[in-house]
J.: 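Here it is, the structure in full.
Residues take their numbers from the sequence shown, with the count starting at 1. The figures that follow rest on heavy atoms only: side chains count, while hydrogens, waters and symmetry mates do not.
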Amino acid sequence: MEDVLVAARAGYDAVAADYARLVTGLGGESELERAMLAVFADLLQREDAPAGPVADLGCGTGRLTAHLHDLGLDALGVDPSPGMLAQARAAHPHLPFSTGTLTALDLPDASCAGALSWYSLLHLPPEHLPTAFAELARVLRPGGLLLLGFHVGSGHRVISGAYGPPVDLDAWDITLETAVELAVGAGLQVHTRLQRRPLGREKRDQASLLCHKPRRG
């Protein structure tokens with residue numbers, strides 16, 4: 001597992017500057033993805049929502065951390081890549097960013113009102129996904145929300161030169177059904193699931209999954 005994480009971190013360090021230049025704002029999200037992010041933010045600002053920060057886990061350059069902040073949330077970003085975090089801090093100096101991985105988050109139990117994992121499960125082999133989902137559930141407060149975004153598929157593939165430099169990144173896609181099973185297995189309840197066909201240059205279906213952590217009692 002450590003080798004996989006080290007390789008992904010090194011890969012994103014190498015492409016960080018190009019990634020920040022090529023992937024900005026919500027230009028890569030469809031109307032449906034934007035709607036899911038808006039619903040996520042709206043639910044977290046209702047009177048019965050738990051108080052607390054919202055963690056963008058696998059935040060990369062912080063583009064969605066900033067978007068959550070602009071939507072009115074107390075957003076923070078976590079990412080394993082120092083290079084990506086350097087870009088995030090430079091672009092969004094008013095927001096907090098820290099180093100961490102989805103399988104070992106340096107966040108206290110029940111410390112977050114919400115968590116966003118937007119295409120950040122992509123570089124975890126399937127056998128490590130239960131640990132990641134357990135961590136995502138662990139950091140949520142009762143009543144807290146988790147929003148996932150991911151490519152739909154199965155098996156291993158290699159992403160080559162997607163962000164400028166000729167860097168290969170190992171990736172594993174999952175099905176929506178698998179994501180639901182993992183979320184339920186981690187003690188979460190499904191709120192909304194969405195899967196759409198590819199658009200533009202996309203080669204795979206895209207999915208979003210919104211879950212909540214049950215309140216005690």
J.: Could you check whether any side-chain heavy atom of Glu135 comes within less than 4.5 Å of a side-chain heavy atom of Leu57, counting everything from C-beta outward?
T.: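 Answer no - side chains too far apart.
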J.: Could you give the distance from CD (Glu33) to CG (Leu64), rounded to the nearest 0.5 Å?
T.: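 Answer for the CD-CG pair, Glu33 versus Leu64, is 10.5 Å.
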J.: Might you work through the side-chain contact (heavy atoms from CB on, under 4.5 Å) test for Cys112 and Leu107, ending with a clear yes or no?
T.: CA-CA 8 Å; Cys112 297; Leu107 293 170; 4.1 Å; yes
J.: Using 0.5 Å steps for rounding, measure from the CG atom of Leu73 to the CG atom of Leu68.
T.: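 Result: 5.5 Å between the selected atoms.
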J.: Which atom names give the shortest non-hydrogen contact between Leu210 and Phe40, and what distance separates them?
T.: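 Shortest heavy-atom contact: CD1-CD1, 3.8 Å.
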J.: Look at the side-chain heavy atoms of Ile, Leu, Val, Met, Phe, Trp and Tyr, link any pair under 4.5 Å apart, and say whether Leu122 and Val167 land in one connected group.
T.: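 Leu122 clusters together with Val167.
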J.: Indicate, with yes or no, if Leu32 and Val180 share a hydrophobic cluster defined by side-chain heavy-atom contacts under 4.5 Å among Ile, Leu, Val, Met, Phe, Trp and Tyr.
T.: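 No, no single cluster joins them.
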J.: Do any N or O atoms from the side chain of Thr103 and from the backbone of Thr131 form a donor-acceptor pair under 3.5 angstrom?
T.: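 No; judged by distance alone, with no hydrogens or angles, the pair does not exist.
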J.: Please find the pair of heavy atoms, one from Arg215 and one from Pro50, that lie closest to each other, and give the distance.
T.: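 Looking at all heavy atoms of both residues, the shortest contact is NH2-CD, 4.0 Å.
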J.: Between the main-chain N or O of Asp170 and the side-chain N or O of His123, is there a donor-acceptor pair closer than 3.5 Å?
T.: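 Yes; judged by distance alone, with no hydrogens or angles, the pair exists.
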J.: Any sub-3.5 Å donor-acceptor pair from Gln87's side-chain atoms to Thr61's backbone N or O?
T.: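 Not a single qualifying donor-acceptor pair exists.
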J.: If you round to the nearest 0.5 Å, how far is CE of Met84 from CG of Asp13?
T.: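 Rounded to the nearest 0.5 Å, the CG-CE separation comes to 9.0 Å.
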J.: Go through the side-chain N and O atoms of Glu181 and Thr178 and say whether any donor and acceptor fall under 3.5 Å apart.
T.: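 No donor-acceptor contact under 3.5 Å links the two side chains.
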J.: Kindly assign one of parallel, tilted or perpendicular to the pair Phe97 and His92, based on the angle between their ring planes and the thresholds 30° and 60°.
T.: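 If you compare the ring of Phe97 with that of His92, the planes turn out tilted.
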J.: Going only through I, L, V, M, F, W and Y residues with side-chain contacts under 4.5 Å, is there a path from Leu136 to Val139?
T.: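 Yes, it is one cluster - the side chains of Leu136 and Val139 are joined through contacts under 4.5 Å.
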J.: Heavy atoms only: give me the nearest Arg21-Thr24 pair and the separation to one decimal.
T.: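 In terms of heavy atoms, the two residues are closest at O-CG2, 3.8 Å.
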J.: Once side-chain hydrogen bond (donor to acceptor under 3.5 Å, both in side chains) is applied, what residue pairs with a partner in residues 141-155 remain, sequence neighbours excluded?
T.: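 Matches after skipping sequence neighbours: His151-Gln206.
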J.: NE2/His191 to CG/Leu147 distance, rounded to the nearest 0.5 angstrom?
T.: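 So the gap between those two atoms works out to 11.0 Å.
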J.: Let me confirm one number: the CG-CZ distance from Asp56 to Arg63, rounded to the nearest 0.5 Å.
T.: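 Atom-to-atom, Asp56:CG and Arg63:CZ are 9.0 Å apart.
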J.: Would Leu95 end up clustered with Leu37 when hydrophobic side chains under 4.5 Å apart are linked, directly or stepwise?
T.: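 No, it is not one cluster - the side chains of Leu95 and Leu37 are not joined through contacts under 4.5 Å.
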J.: Gln45 side chain to Leu71 main-chain N or O, any donor-acceptor pair under 3.5 Å?
T.: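 Confirmed, Gln45 side chain pairs with Leu71 backbone.
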J.: Between Leu116 and Tyr119, is there a shared hydrophobic cluster once you connect ILVMFWY residues whose side-chain heavy atoms come closer than 4.5 Å?
T.: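 Yes, same cluster.
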J.: Could you check whether any side-chain N or O of Lys213 sits under 3.5 Å from a backbone N or O of Ala137, counting only pairs where one atom can act as donor and the other as acceptor?
T.: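 Yes, because the side chain of Lys213 sits within donor-acceptor range (under 3.5 Å) of the backbone of Ala137.
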J.: I would like to know whether Leu22 and Val15 meet side-chain contact (heavy atoms from CB on, under 4.5 Å); could you show each step before the answer?
T.: CA-CA 10 Å; Leu22 294 169; Val15 303; over 6 Å; no
J.: Look only at the side chain of Arg138 and the backbone of Leu105, and say whether a donor-acceptor pair between them is shorter than 3.5 Å.
T.: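 Looks like yes, one N/O pair under 3.5 Å.
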J.: Quick one, Thr99 and Pro82 - any side-chain contact, counting heavy atoms below 4.5 Å?
T.: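 Thr99 vs Pro82: side chains apart.
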J.: Please report the closest heavy-atom contact between Asp205 and Pro198, naming both atoms and the distance.
T.: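 Distance-wise, the nearest heavy atoms are OD1-CD, 3.2 Å.
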J.: Going through the checks in order, is the salt bridge (charged side-chain N to carboxylate O under 4.0 Å, His left out) test met by Arg34 and Glu31?
T.: CA-CA 5 Å; Arg34 294 183 188 199; Glu31 291 183 359; over 6 Å; no
J.: Would you indicate whether the side-chain heavy atoms of Trp118 and Ser208 approach each other to under 4.5 Å?
T.: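 Side-chain contact under 4.5 Å: yes.
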J.: Show your working on side-chain contact (heavy atoms from CB on, under 4.5 Å) between Phe133 and Leu182 and close with a plain yes or no.
T.: CA-CA 7 Å; Phe133 273 80; Leu182 287 163; 3.6 Å; yes
J.: What are the two closest non-hydrogen atoms of Asp79 and Gly58, and how far apart are they?
T.: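 Looks like OD1-C, 3.2 Å.
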J.: Are more than 12 heavy atoms, taken from residues, nucleotides or ligands other than Arg196, located less than 6.0 Å from that residue's CZ atom?
T.: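 Counting other residues, nucleotides and ligands, CZ of Arg196 exceeds 12 neighbours.
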J.: About how many Å separate CZ of Arg204 and CZ of Arg157, when rounded to the nearest 0.5 Å?
T.: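 So the CZ of Arg157 and the CZ of Arg204 are separated by 3.5 Å.
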J.: Heavy-atom distance under 4.5 Å between the side chains of Cys59 and Leu76, does that happen here?
T.: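 Cys59 vs Leu76: side chains apart.
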J.: With a sphere of 6.0 Å drawn around CG of Asp48, does it hold more than 12 non-hydrogen atoms of other residues, nucleotides or ligands?
T.: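 For Asp48, atom CG is crowded (more than 12 foreign heavy atoms under 6.0 Å).
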J.: For a quick test of reading the model, state the closest non-hydrogen atom pair linking Ile159 to Ala171 and the distance between them.
T.: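 Of all heavy-atom pairs spanning Ile159 and Ala171, the closest is CD1-CB, 3.8 Å.
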J.: Does the pair Met36 and Val39 meet the rule for a side-chain contact (heavy atoms from CB on, under 4.5 Å), with working shown?
T.: CA-CA 5 Å; Met36 287 294 285; Val39 168; 5.6 Å; no
J.: Working note: Asp42 + Arg46, criterion salt bridge (charged side-chain N to carboxylate O under 4.0 Å, His left out); need CA distance, chi angles, decisive distance, verdict.
T.: CA-CA 7 Å; Asp42 179 68; Arg46 295 190 176 181; 3.2 Å; yes
